[in-house]
Each structure stands twice: as structure tokens, then as C-alpha cells.
> 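Questions regarding the structure given below will be posed in turn.
Letters A, B, ... are given to chains in the order of the sequence lines, protein chains preceding strands, and every chain is numbered from 1. This one's a predicted model, so the numbers in the text were calculated from it and none came from an experiment.
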There are 2 protein chains.
Amino acid sequence: MAEPTDRPVSRRDRARADTAREIRTTARRVLVEQGVDGLALRAIAREMGITAPGLYRYFDSREDLVEHVVADLYDELTDVLEAARGSADPATPGVQLLAVSRAFRRWATTHHAEFGLLFGSAGERVLEPGEPQRDGERPSAMAGRRFGGVFAELVARIYLQQGFPVPDEADLDPGLRDQLREWCARLPVPLPLGVGYVFLSCWIRLYGMVCMEVFGHLRFALDDAEPMFEAELRALGEALGVAGEYQPPAR
Amino acid sequence: MAEPTDRPVSRRDRARADTAREIRTTARRVLVEQGVDGLALRAIAREMGITAPGLYRYFDSREDLVEHVVADLYDELTDVLEAARGSADPATPGVQLLAVSRAFRRWATTHHAEFGLLFGSAGERVLEPGEPQRDGERPSAMAGRRFGGVFAELVARIYLQQGFPVPDEADLDPGLRDQLREWCARLPVPLPLGVGYVFLSCWIRLYGMVCMEVFGHLRFALDDAEPMFEAELRALGEALGVAGEYQPPAR
DNA sequence: AAGCATAGTGACCGCCGTTAGCTAACAGTG
DNA sequence: CACTGTTAGCTAACGGCGGTCACTATGCTT
């Protein structure tokens, strides 16, 4: 399908790739300016001085295009997280996790529409019965894994460097244990299953906190969710045994 | 606006109320059958043997109609939760919270489209600059508060009956403390601010867990999220000092 | 019976995603 | 060079959408 046989870049291929990239960046801009509902093929094409059907030379459908935009956004977000991790000082996994988590919330709150596309209900896809669920091979799913890997790797590093309390494998529900085993087996470093559980638990809290804030589900109690987020971060730090590394957010 | 002066129900009023109700239930059915994207005024009207403009006699816009559907769904979900609370045995707050949480997850996983409408990114509304943000008076917001109240009340009951560890008021960040104070003041029963914090923290975990499962964000690690949910429930029970009341899910 | 408010209709607007068929420019081969 | 195949982008069109408007017909009120 996408096998360039031998010659990797003809003149045309480069132009084509450029246009495809321009379409995706334009789509991203339209998404920001018009919201997810305004992310229309015609709007994208208009912005580029092109007509809508022309886009079909590059993407199979609107859904396909959105899929690629989602992958781009995951990549961008991951870059932001990695940058935050890189500038954490001191460069310990605990402080890095703190920085990455804050960068995640910051990106989410300043990129409302994009966050909704990545983490809200819009992105979900009902897989057709006949369709093979090669869900994991979709570009957005792959980019999503890279994104999650940033958090997973930091938690793993914390565990390997200094450890934290982890449920014993025997205490885990068998159904959960088997799934964790399968997942941990795919990781580059062998880890106790309990670490996988703690990571998931922490990630759920972080995701839940940021999602609720961005989607407005905390407004019933909080006008400004930041102090609550910081409190949760501290709690997460305690669960991971890095409470001592907590430092209040830079102002 | 909606002041019936004196005469509460004329013949016409009843018919009108009936039609409005039928529209909402039909909308709900279309939502389930066609998904949130297929929730079109024309589809609803078609299903009722009516034309789309007729719906505007009952609702200002599609958004207005969706708003009322959301309120209906919140009400239905709340009824389900209250029923689960009512049949918890023994009828202690701890066991009731367990039952309500499971009912919440069950409703979410069996009512995918509806859950997405309530808790996903679709429902969020950008408030116009000029528009007064009487956000709290919207019917869906009111129904949402009733829903959240089920959980809040149970956590409060647990605290009042047997207590659980709660951060000291002085240990809370001032910004968070002030907001919690304001929120707790609106509750019918005076409670320490720390209870508000613990409730929010627990609710975030529950919401995060269910949201991630329903929106497919746990599939990278788990095929079946139920055992993870149960593990989180147990952890929540520990945080609330009712770990002893945990009982495995009925099979 | 007369008058009137109202539920519902059909025609229409401008938008949407998507398809089909066309043209013009391009790349590669003799 | 001409010739051939490929491809980017166009226009036109289809059906469906949310929403508005003028209109009819029904049934309540006086």
C-alpha cells in the first residue's frame, strides 16, 4: 500500500507530502478557531484556497483526516511533555513526573478543543462488525501509546530507582493479574505486575482530574481547579514515594 | 415566561406537555440507535411522523432539545443509582456507595452514547461573552447536581457515621480551602472542608476510571476493565475507612 | 358563531460529506 | 521531440443537516 518500492522521494512525492502536511496543519488551525464542530472539510479547503473534493486525493474521508490530526496532536503533546521532562530540575524521575503532569494539565487547559478531540467522547469509533479490529495499528493509536509511554516510563523509573509500595501479585484479582501480565510483558523492562496496577491507578487519577476540569465537570464545586490539581499531585507523589520531591508550581 | 398564571392545566397544556415529552423520549431513542452524531432534528421528527420545523414549537434549537435530553438522562441515571442504593444489603453507607458506584459503571458501559453525551466533551458549551452565565440554572446542570448529590451524600454519611482520615483545614492550600468553604457552605449539613476534598478526590477517581473505560482509553492495557474497576473500588473503600464492607460483585 | 392562538406544513437558505467526471499539468519512454 | 499514463484539482451534483418564514387548519375561548 504505502511501499515506495525503491526510489523513496520523487519530485511529486515531496509535493504530495507537503500538501498532506499543510492540510493537517490547516485542519488543526480550523479546529482551534472553529471548535470540533467547525472542523469541516470545506472550511479546511477554504482556508487553503482549494475546494473540498480535492482533499479526497489525500485522505479517504473526514474521519481519516481527523484520525491523522489526532495523531499529530498526540505527537505535539508528547513533545511538550518530553520538553517539560527535560527541563525538570533536579532531573529526578519524581520531579520529572511532577513537571510532566503539570505540562499535561497546562496543555489541556490551553488547548481545549484539541484535548476534547483526543480524550473526550468525540474520538471514539464504533468498529464495524466485519471490520478487522486492527485498532492498534491506527496512527492515532500508535501516537497515543507514545504519549502514555512518557508517564509509564517515569513511573517505572521511580520504581526501579527507589521503589514504592506495590500490591503483591497474589493479592491481585486473577482476571486483572492476567491482563497486567500480558501488558507488562510488552514493556521493554520486566516489572512486577503491581507496578502496572499502581501506574494505571495513578494515570486514572491524573486523567480524571484533568478531564473533569477541562470538560467543566468540576465547576459544581470549584471555580479554579488548579489548587485541587496540585493537591492531587501531592497525593500522587505520596503514593509513589516521592512526596519529598514535591515543589510548589513555579509562579 | 412559564408562569401559568392560575389555571394549571388546560386541555391544550396537557397535550403540549405530552408532545414535548414524546419528543424527548424519541430523541433519546434516536440517540441510542444512531449515536450522538445521528441525533438530528429531522431524524427525531421522522421517527414521530412529523416534520422538523414542528419541533421548534417545543424547543428553541437543537441545542436546547439536547439540553433537555441531557437532563432526562441525568434523571434516569440518578434513579438507577438511587434504586441501587435502596437495594444494598446491608443498608450501610459503605455498602450503598459500593452498589451505587457499580450501578454507575454498569449504566455507563451499557449506555455508551448517553454516557458520552453526559460526561464526554460533547456536552460542553462555550458561553458567549455577552450571555449571562446563569449556567447553574440550566435544567441539565440542575439534574447533574442531583446526580452528584447521591455520591456526595453517601460520602458525607460515611463520614458522619464512622469518620475517615481527612486533611486538616490548615493543611489545605488557601486557594483550595476558600473554594471548598464556599461549596461546603451550600451543603445542607455542615462538614469539615477536608471531607469535601476527600469526596472530590474519590469522585475524580471514579469518574476517571469509568470515563477511561467507556471512551476506550484503557484498551492499551486492559481488555476487560471490570477487575481494575473493582480494585479501584476497594482502594476507594480503604480511603473512606469502609474497606471491611467490601463484598465482591454479585455474579 | 366569531375570533384567535397555536400545531404543524412546505418551500427555502446555506452549510455539510461525498461521488463522478472532467481538465490540465506533470513524469517517464520511444 | 511526441506519446502515454498518472495525478491534482476543478465543477456539478446528491442527499442530509439546522434553521427561518409564510401559511393552513384545528380546536379553544368568549
Side-chain angles (χ1 to χ4, degrees), chain A residues 1-24 26-27 30-31 33-69 117 122 125-126 128, chain B residues 1-24 26-27 30-31 33-69 117 122 125-126 128:
Chain A
M1 207 39 136
E3 234 56 32
T5 61
D6 227 49
R7 193 178 17 255
V9 278
S10 81
R11 191 167 196 73
R12 242 176 182 161
D13 289 345
R14 259 189 299 126
R16 183 178 174 79
D18 282 352
T19 308
R21 213 175 12 255
E22 187 191 342
I23 292 172
R24 299 197 316 227
T26 308
V30 171
L31 168 66
E33 289 166 0
Q34 313 287 334
V36 65
D37 289 330
L39 187 51
L41 294 188
R42 284 179 152 92
I44 298 165
R46 207 180 300 128
E47 202 102 347
M48 295 178 58
I50 269 189
T51 61
L55 299 176
Y56 282 80
R57 298 277 171 200
Y58 299 90
F59 299 96
D60 290 341
S61 64
R62 187 193 114 106
E63 191 187 338
D64 182 36
L65 170 55
V66 170
E67 173 94 15
H68 283 84
V69 172
L117 198 57
R125 213 166 99 84
V126 273
E128 303 296 325
Chain B
M1 208 38 141
E3 234 56 33
T5 61
D6 227 47
R7 190 175 21 249
V9 277
S10 83
R11 189 168 196 73
R12 245 181 178 151
D13 289 346
R14 259 188 300 126
R16 183 178 174 77
D18 281 352
T19 307
R21 209 173 18 252
E22 189 192 341
I23 293 173
R24 300 197 314 228
T26 308
V30 172
L31 168 66
E33 289 167 1
Q34 313 287 336
V36 64
D37 289 329
L39 187 49
L41 294 187
R42 285 180 151 89
I44 298 165
R46 209 180 299 129
E47 201 101 346
M48 296 178 58
I50 269 188
T51 59
L55 298 177
Y56 282 83
R57 297 276 171 204
Y58 300 89
F59 299 95
D60 291 340
S61 63
R62 188 193 113 105
E63 190 186 338
D64 183 36
L65 170 54
V66 169
E67 173 93 15
H68 282 84
V69 172
L117 198 57
R125 213 168 98 84
V126 273
E128 302 296 324

> Can you tabulate the close N/O pairs, meaning under 3.5 Å, that link protein atoms to atoms of nucleotides 23-25 of chain D?
none

> Between atom CZ in B:F59 and atom P in C:dT6, what is the gap in whole Å?
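That distance rounds to 17 Å.
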> For A:D13 and D:dT6, what is the distance between atoms CG and C1' respectively, to the nearest whole Å?
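Value for this atom pair: 12 Å.
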> Can you tell me how far P of D:dT7 sits from CD1 of A:I50, to the nearest Å?
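Distance, rounded to whole Å: 17 Å.
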> Which pairs pass salt bridge (charged side-chain N to carboxylate O under 4.0 Å, His left out) with one or both residues in residues 39-49 of chain A, sequence neighbours excluded?
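Output for this query lists A:R29-A:E47.
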> Less than 4.0 angstrom between a side-chain N/O of B:T51 and OP1 or OP2 of C:dG8, yes or no?
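It does not, given that no N or O in the side chain of B:T51 lies less than 4.0 Å from OP1 or OP2 of C:dG8.
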> Heavy atoms only: give me the nearest A:V30-A:G38 pair and the separation to one decimal.
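Shortest heavy-atom contact: CG1-O, 3.5 Å.
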> Strictly under 3.5 Å: I want the nitrogen or oxygen pairs between protein and nucleotides 16-18 of chain C, one per line.
unit_1 : atom_1 : unit_2 : atom_2 : d
C:dC16 : OP2    : A:R46  : NH2    : 3.0
C:dG17 : OP1    : A:L41  : N      : 2.9
C:dG17 : OP2    : A:L41  : N      : 2.9
C:dG17 : OP2    : A:R42  : N      : 3.3
C:dG17 : N7     : A:R42  : NH1    : 2.3
C:dG17 : O6     : A:R42  : NH1    : 3.4
C:dG17 : O6     : A:R42  : NH2    : 3.3
C:dT18 : OP2    : A:Y56  : OH     : 2.5
C:dT18 : OP2    : A:R62  : N      : 2.7
C:dT18 : O5'    : A:Y56  : OH     : 2.8

> On a heavy-atom basis, which atom in A:L41 and which in A:L55 lie closest, and how many Å separate them?
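That closest heavy-atom pairing would be O-CD1, 3.4 Å.
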> Rounded to whole angstrom units, what separation is found between the CD1 atom of A:I23 and the P atom of D:dA8?
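So the CD1-P distance, A:I23 to D:dA8, works out to 10 Å.
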> Got a sec, which residues hit salt bridge (charged side-chain N to carboxylate O under 4.0 Å, His left out) with A:R24, two or more places apart in sequence or on another chain?
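A:D72.
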> Measuring from atom CD1 of A:I23 to atom CD1 of A:I50, what distance do you get when rounded to the nearest 0.5 angstrom?
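The distance works out to 6.5 Å.
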> Rounding to a whole Å, what distance do you find between A:E22:CD and D:dG9:C1'?
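A:E22 atom CD is separated from D:dG9 atom C1' by 14 Å.
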> Quick one: B:L55 CG to D:dT20 P, roughly how many Å, whole number?
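In whole Å, D:dT20 P and B:L55 CG are 13 Å from each other.
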> Rounded to whole Å, how long is the line connecting atom CG of A:D37 with atom C1' of C:dC15?
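Rounding to the nearest Å, CG of A:D37 and C1' of C:dC15 are 13 Å apart.
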> Let me confirm one number: the CD-CD1 distance from B:E22 to B:I44, rounded to the nearest 0.5 Å.
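So the CD of B:E22 and the CD1 of B:I44 are separated by 11.5 Å.
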> Is there a side-chain polar atom (N or O) of B:Y58 under 4.0 Å from OP1 or OP2 of C:dG8?
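For C:dG8, OP1 or OP2 has a side-chain N or O of B:Y58 closer than 4.0 Å.
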> Separation of B:R16 atom CZ from C:dA5 atom C1', in whole Å?
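For the pair B:R16 CZ and C:dA5 C1', the rounded distance is 12 Å.
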> Base, sugar-phosphate or nothing for B:G54? Non-hydrogen atoms, less than 4.0 Å.
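Here B:G54 touches the bases of the nucleic acid.
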> Could you list the residues that satisfy salt bridge (charged side-chain N to carboxylate O under 4.0 Å, His left out) with A:D60, not counting sequence neighbours?
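Partners of A:D60 under the salt bridge (charged side-chain N to carboxylate O under 4.0 Å, His left out) test: none.
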> For residues B:L39 and B:A27, report the shortest heavy-atom separation together with the two atoms involved.
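Nearest heavy atoms, B:L39 then B:A27: CD1-O, 3.3 Å.
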> May I have all residue pairs that pass ring pair (Phe, Tyr, Trp, His ring centres under 6.0 Å) and include part of residues 38-69 of chain B, sequence neighbours excluded?
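Qualifying pairs: B:F59-B:H68.
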